[in-house]
Each structure stands twice: as C-alpha cells, then as structure tokens.
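Following: one structure in structure tokens, then a few remarks.
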Number of protein chains: 2
Amino acid sequence: MFSKSTEYALRATIYIAQKSSEQNKLGINAIAAAIDSPLSFTAKIMQLLSRGNRVVSSVRGPNGGFFMTEKAMKLPVRSVLDQMGEDEVLEKCILGLNKCSESKPCPMHAEYRQIKLDMIRLFETKTIEQLAADLKEGEVYIGNKNK
Amino acid sequence: MFSKSTEYALRATIYIAQKSSEQNKLGINAIAAAIDSPLSFTAKIMQLLSRGNRVVSSVRGPNGGFFMTEKAMKLPVRSVLDQMGEDEVLEKCILGLNKCSESKPCPMHAEYRQIKLDMIRLFETKTIEQLAADLKEGEVYIGNKNK
DNA sequence: CTAATTAAAGATAAATTTATCTTTAATTAG
DNA sequence: CTAATTAAAGATAAATTTATCTTTAATTAG
C-alpha cells in the first residue's frame, strides 16, 4: 500500500504523539528503536516529516529532538501522507491510467470508487491523537522487533 | 497501490479478455501498443501472467500469441493479483507491521479493517469477463497514450 | 567562549523495480 | 525438412527506493 518510508513515518508519528511533548522531546535513537526501523534511514525520514514543523516539530542541540504540539496532534492522519508526498495513493487509478476520471472511467473505476472514498474519509477523519490514544502502552508500534 | 508490473498485467488481462479468443490470439506487439506499455517489459510481465496458463494462455510460433479461455474469463480479478504475486496488498498491515492481527492490532487496524475487507470482496467478486464488458470500445485501456 | 549534544544536509552505496536487448525454443506453413 | 514466426529465457542496464556514513549547523550547559 504505502512505501516503507511512509510506513516508518506513520509509525514514528504515532509514537511521538503518544510519548512526546514540547517539554519532553524524543531523540532519533529512541524513535528508531521504538518503531524498529533503521536508524539513519529513519533520520532521513524524520527530516521530511518535520520539515516546516507542520506535523512533527524538531529542535537541534542538547535537549533537542522531535515532538508534536497539541495543535499538531489534532491533525488528520492524512497530513502525514501529505507531508511524505504520498497522498496520491488516495487519488490514483487502480490501473495506473492518468486519464481515468469520472467522465472517462477505466473498467475498474466504478468498482474501486467507493473504496477510495472510504480511504480518503478514514485518513481525513481520524486524527493522529486518536491513533495515539488507541496505542497499547509500549506494545504495538514496535513492529517486527519481537518476531 | 499496485506495482507498475501489476498495473500492466491488469490492463493486459482486460484487453486480452475483450479482444482475444482461442482462435484469435494477440501478439505481444499488439498488447503493448494497446495498453501503452513498454514492449519488452510487457513481454516479461506476460511471461509471469501466462505461466501455468491459469489466467492468460500462450502459444508460440506462427499464429501464436496470448489469449484467454472462456473458463479463465470467469475468474475473479484477484487471480491476476495472485498470478503476479501481489495479493498480499490485500492482507498487509497499513503500518507495515507483520505482527499486526485481530488479537494484536496496530493503532490503525480497526479503522483500516473494513476497507481491506471491501477490497478483498471487490477483487474476489468481480470477474475479468465483467471488466472486459465494461470496457468502452478501443477507448479506455490505452492509458497515457493520448495525453 | 568552549565543549557537548543534537538534528540537518550531503555523499555514497545496496537493493529492488523497471526496462531493454539478445539468444533460444516451440510451432506452423510450405 | 526448411524458413518464418512467435513467445520464453537469459543477460544486462537504467531508474528508483531503501539504507548507511560523514560533515555541518544549531543550540545548550557550563
């Protein structure tokens, strides 16, 4: 569904939403360990995710790290996809046609239409905060670590 | 959503379903032109798609080419995904966790669950034949050609 | 001001996917 | 049997994604 970069970004965002605050920032080491992702690659992804301080914010230097503001916590999950440049997954034709549209539908268009709408609704309605609240303490987001 | 290989495979399958029969096979040149895909890469994909003669069948030599049997036309669209080894898209966790399950759900599991079920239902219910019937004559599957 | 700490930026490499080209095998028409 | 035609198979390359490592810039504590 999503690229690995976006998967890491989603997991990191949920973890930061749950564990961080402006007073308690998280370092890249803690984040990568928590979400079971490669350290340096995750650092790159955090650059993208925090650029503009829209979804995740970052501060350099001692006591620096990544965190989310109360306001950012209220953002829809879709804002993570937007930030990662992967929101087109929610718009693309399932057959990969760029001419596919309501007026010129591909043979799967009508069938796939509702599913796409449901996905858009999910990612636009659900907030990051809500996902963080669903997260069982120190359990789920650690991914493949205890495989 | 799907890889380019799978997108080409889906488009080729729909085209073959509409235009071919055991008496009227389609060559790789005709297929690649029709679905606006790179010739040699499409040839590779057709190898995967026709191996085992499950979904698409192939015959070499003069008057050879690709075609579908009446029986294969009745297969669900999912069989194309299976043949391309991309059916896991329908099963995978949206956060990329391989431990994610009903009993150990990730924070998006409950929310994404129904969408995944809808997708599985769509790809298992809709047949290739039905898609081919929806196809407007020589129009839609040609993809980016007339961009 | 200096040293320490942290993320940002940049250079590079490994892995995977997409794409191309050449050779081989199967099949048919004559 | 021979030549022609077609897909299969294999070798290789280009592009993209994933990953790693090094250097730089910002910030803080002392």
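Just so we're clear, the structure is a prediction, and the values are computed from it rather than from any experiment. Throughout, a chain's letter reflects where its sequence line sits, starting with A, and its residues are numbered from 1.
- Pairs of Watson-Crick or G-U wobble type, with distances under 3.5 Å, assemble into runs of 3 or more in DNA chain D at these ranges: C:1-30 with D:1-30.
- Note on B:Leu26: only backbone sugar-phosphate atoms sit closer than 4.0 angstrom, heavy atoms only; bases stay farther off.
- The 5' end of DNA chain C is approached more closely, in terms of each residue's nearest nucleotide, by A:Gly64 than by the other of B:Pro38 and A:Gly64.
- Residue whose closest nucleotide on DNA chain D sits further toward the 5' end, between A:Phe41 and B:Gly65: B:Gly65.
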What donor-acceptor contacts under 3.5 angstrom involve side-chain atoms of residues 47-61 of chain A, with partners at least two apart or in another chain?
residue: A:Ser50; atom: OG; partner: A:Met46; partner atom: O; Å: 2.7
residue: A:Arg51; atom: NH2; partner: A:Gln83; partner atom: O; Å: 3.4
residue: A:Asn53; atom: OD1; partner: A:Ser58; partner atom: N; Å: 3.4

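- Under a 3.5 Å cut-off, the side chain of B:Gln18 and the backbone N or O of B:Leu135 do form a donor-acceptor pair.
- When the salt bridge (charged side-chain N to carboxylate O under 4.0 Å, His left out) test is applied to A:Lys126, the partners found at least two apart in sequence or on another chain are B:Glu111.
- Within 4.0 Å of A:Lys44, counting heavy atoms only, lies at least one base atom of the nucleic acid.
- B:Lys92 is linked by a side-chain hydrogen bond (donor to acceptor under 3.5 Å, both in side chains) to A:Glu7, counting only residues two or more places apart in sequence or in another chain.
- The side-chain hydrogen bond (donor to acceptor under 3.5 Å, both in side chains) search around B:Thr42 returns B:Ser37, not counting sequence neighbours.
- For residues 68-84 of chain B, the pairs satisfying salt bridge (Lys or Arg N to Asp or Glu O under 4.0 Å) are B:Lys74-B:Glu129, B:Arg78-B:Asp82, B:Arg78-B:Asp87, B:Arg78-B:Glu91, B:Arg78-B:Glu124, with sequence neighbours left out.
- Once you apply a 4.0 Å limit to the heavy atoms of chain A, the touched nucleotides of DNA chain C run 5' to 3' over C:dA4 to C:dA11.
- Closest-nucleotide positions on DNA chain D for B:Arg60 and A:Asn63 were compared, and the one nearer the 5' end corresponds to B:Arg60.
- Among pairs with a residue in residues 51-109 of chain B, none fulfils ring-ring contact (aromatic ring centres under 6.0 Å, His included), at least two apart in sequence or across chains.
- Looking at heavy atoms from C-beta onward, A:Met108 lies in side-chain contact with B:Val77 at the 4.5 angstrom threshold.
- Applying the salt bridge (charged side-chain N to carboxylate O under 4.0 Å, His left out) rule to A:Lys25 yields no partners; only residues at least two apart in sequence or on another chain are considered.
- The ring-ring contact (aromatic ring centres under 6.0 Å, His included) analysis of residues 35-59 of chain A, with sequence neighbours excluded, yields the pairs A:Tyr8-A:Phe41.
- Every residue two or more places apart in sequence or in another chain that forms a side-chain hydrogen bond (donor to acceptor under 3.5 Å, both in side chains) with B:Thr127 is listed here: B:Gln130.
- Annotation: proximity of residues 46-59 of chain B to DNA chain D (heavy atom, distance under 4.0 Å) is found for B:Gln47, B:Ser50, B:Ser58, B:Val59, numbered in ascending order.
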